[in-house]
Amino acid sequence: MLLTLTTTHRPATDLGHLLVKHPDRVQSFDLPAGTAHVLYPEADEARCTAALLVEVDPLKLGGGRGHRRRAATPDSFTLGQYVNDRPYAASSLLSSALAKVFRSALRGESRDRPELAATAIPLEVRVPVLRCRGGADLAGRVFAPLGWAVAATPIPLDETYPEWGDSRYVDLTLTGTLRLADALNHLYVLLPVLDDAKHYWVAPDEVDKLLRAGAGWLADHPERSLITRRYLAHRRALAGTALARLAELRLADEPPADDIVDTEPPGEAPRASLAVRRREAVLAALRDSGASRVLDLGCGGGALLAALVADRRFTEIVGTDVSSQALTLAARRLRLDRLPERQRNRVRLWQSALTYRDDRLRGYDAAVLMEVVEHLDPPRLPALEDAVFGHARPRTVVVTTPNVEYNVRYDGLGDGRFRHADHRFEWTRAEFAAWVDRVATAHGYTATIAGIGDDDPEVGAPTQLAVLTSTETDNRKEETTR
Ligand code: SAH
């Protein structure tokens with residue numbers, strides 16, 4: 001079985017440093033069930049591919065029973081060339097090989113390139129033959145919410161007899177800009193989940209392994225329940241423990257706010273959660289603005305901060321919140337204590353209330369108010385407007401807030417209830433537009449408004465986004481271009 005990992009980050013051969021495997025050598029590793037080889041089919045400045053090839057030794061896997069069984073399955077005609085034996089065990093074996101061979105990369109450690117290890121880089125992962133129980137769609141459902149573009153093509157049972165239909169195997173390609181460690185952890189957990197074979201290795205410490213590998217992404221994953229059950233091979237007691245521990249992480253990650261209703265209505269095609277799409281929209285607005293020094297005001301548990309840290313164009317990142325508990329969680333989520341010094345120095349976390357002027361917040365390129373304004377009592381809003389638009393005066397302000405009109409599309413929210421118990425109000429599109437217009441006029445900004453999430457013809461998109469840009473001439477910019 002084969003997995004390839006490609007980057008176009010320059011110099012692409014840095015991939016060898018991150019994986020701690022030299023691009024010029026072929027290296028082999030003994031596994032309990034065979035041998036793993038790492039080699040580089042291509043390695044130059046512009047593009048580098050590492051291949052992990054796992055050869056399974058059927059004898060090591062435990063007897064010749066598999067041999068006889070395999071001969072009876074139609075899949076073996078096309079798959080025999082890729083998968084030596086016991087194809088149903090393929091993905092969990094690939095996953096354990098990954099963990100063994102790329103151990104430090106999986107942990108995000110790199111002696112030679114610590115900053116690159118902490119940076120999101122363009123990646124392409126290909127698994128040409130992956131058993132995918134539940135169909136090719138499932139690959140999209142588990143990988144897409146993590147920021148991957150997913151192409152999963154079913155492999156025909158036999159190319160010469162297309163009328164036999166598709167096998168249970170897919171050819172999987174993932175593309176995205178992610179930290180290598182995140183990519184490897186996604187694969188480590190999700191390859192066996194898609195395979196969903198009987199894993200002979202499920203033991204109680206698998207719960208810890210799952211939570212460790214899933215740190216930072218599994219608790220909020222829309223398919224976390226399916227992933228957990230399958231990863232733990234349907235051992236209900238273990239899955240129950242893991243899900244309970246994940247639920248705790250969820251609460252801790254989202255203090256005291258984030259939306260309780262943060263998914264698309266049921267029955268729609270699976271896709272990235274609304275929270276992920278909102279974060280992507282905010283990041284896109286920041287990138288478009290050209291900002292490099294940014295404030296995340298009311299940063300909560302730091303979900304956006306983590307994404308900002310992963311993008312090197314953001315040279316200074318400040319998260320503020322009124323809640324010290326939120327800041328503690330954000331520091332933990334960012335693993336600030338474990339970041340290399342240069343990465344850590346890009347990030348600051350300050351306790352600050354948005355209803356008071358704070359001199360530390362002046363002079364930044366951009367500020368984000370993501371799902372924050374609706375947490376303030378309406379009489380306190382003018383104080384926030386003064387502190388942010390009047391005093392801090394970043395060149396760009398990105399605001400998101402729920403669109404209350406959309407609530408009728410959520411089960412149980414059509415009766416005037418808000419999406420979160422701590423929301424003091426939720427605005428219609430007209431109310432938000434009026435507020436944005438008033439603030440922009442009063443403080444010298446121009447504004448554009450858009451929706452985030454699927455646009456409903458009647459009630460609009462679930463989340464509203466405004467980008468306000470200062471009309472003041474920008475002295476800092478003029479000085480540097482002069
Ligand atoms: N922006 C984050 C968190 C949104 S929840 C996200 O989108 O995930 C709202 C956050 O605003 C909470 O963390 C809350 O503590 C913070 N908050 C509420 N009132 C505030 C105030 N007056 N000053 C600063 N932060 C405030």
Side-chain angles (χ1 to χ4, degrees), residues 145 216-217 219-221 249-263 272-286 294-310 314 317-334 347-361 364 366-392 394 397-403 418-427 452-453 462-466:
W217 60 271
D220 293 321
H221 196 298
L249 287 174
R250 262 174 86 68
L251 291 178
D253 268 1
E254 291 169 13
D258 219 0
D259 299 349
I260 43 165
V261 179
D262 214 2
T263 48
S273 74
L274 184 56
V276 170
R277 296 170 86 183
R278 192 158 55 216
R279 200 152 68 221
E280 290 304 319
V282 169
L283 286 169
L286 288 176
V294 297
L295 302 165
D296 182 6
L297 304 173
C299 63
L304 178 67
L305 293 174
L308 292 169
V309 170
F314 302 114
I317 300 154
V318 180
T320 74
D321 206 287
V322 73
S323 149
S324 59
Q325 191 208 353
L327 294 171
T328 308
L329 286 162
R332 211 186 293 160
R333 176 184 222 137
L334 296 172
V347 186
R348 303 194 195 331
L349 296 176
W350 294 334
Q351 192 165 17
S352 179
L354 281 163
T355 43
Y356 294 90
R357 293 181 161 206
D358 185 336
D359 287 341
R360 293 174 297 178
L361 306 184
Y364 281 82
V368 176
L369 288 162
M370 184 165 92
E371 307 298 287
V372 170
V373 291
E374 66 276 11
H375 289 266
L376 269 76
D377 284 324
R380 303 297 291 149
L381 265 184
L384 173 141
E385 294 159 20
D386 171 68
V388 175
F389 297 92
H391 192 68
V397 183
V398 182
V399 185
T400 78
T401 194
N403 165 20
F418 293 147
R419 296 187 200 178
H420 190 278
D422 193 46
H423 286 179
R424 307 304 159 88
F425 60 87
E426 286 176 354
W427 277 326
I452 303 173
T463 298
Q464 318 196 56
L465 168 80

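Order of appearance sets the numbers: ligands from 1, and atoms from 1 within every ligand.
Remark: Arg360 pairs with Asp358 by the salt bridge (charged side-chain N to carboxylate O under 4.0 Å, His left out) rule, at least two apart or across chains.
Heavy-atom proximity to Gly300, at under 4.0 Å, picks out these atoms of ligand 1: 3 (C), 13 (O).
On a distance-only criterion, Gly298 and ligand 1 share at least one N/O pair closer than 3.5 Å. Where the criterion is an N or O separation shorter than 3.5 Å, residue side chain and backbone included, Asp321 meets it with respect to ligand 1. Considering backbone and side-chain N/O atoms, Leu354 comes within less than 3.5 Å of an N/O atom of ligand 1. In terms of polar-atom proximity, defined here as any N/O pair under 3.5 Å, Met370 does make such a contact with ligand 1.
One finds a salt bridge joining Asp220 and Arg333 here, because a Lys/Arg side-chain nitrogen approaches an Asp/Glu carboxylate oxygen to under 4.0 Å.
Remark: distances from the non-hydrogen atoms of Ala303 to ligand 1 are all 4.0 Å or more.
For Ser352, every heavy-atom contact with ligand 1 shorter than 4.0 Å involves the backbone, none the side chain.
Of the listed residues (Arg380, His375, Glu374), the one carrying the non-hydrogen atom nearest atom 18 (C) of ligand 1 is His375. Residue Val322 holds the heavy atom nearest to atom 17 (N) of ligand 1 of all those in Val322, Leu384, Leu305, Asp358.
Residues Thr320 and Arg348 form no side-chain contact, since every pair of their non-hydrogen atoms from C-beta on lies 4.5 Å or further apart. Considering only heavy atoms from C-beta on, Val368 stays 4.5 Å or farther from Leu308 through its side chain. Under the 4.5 Å side-chain criterion, counting only non-hydrogen atoms from C-beta, Leu376 is not in contact with Arg424.
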Derivation of the side-chain contact (heavy atoms from CB on, under 4.5 Å) call for Asp386 and Arg357: CA-CA 8 Å; Asp386 171 68; Arg357 293 181 161 206; 2.8 Å; yes

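Sorted by first and then second residue, the salt bridge (Lys or Arg N to Asp or Glu O under 4.0 Å) pairs with a member in residues 298-308 form an empty list; sequence neighbours excluded.
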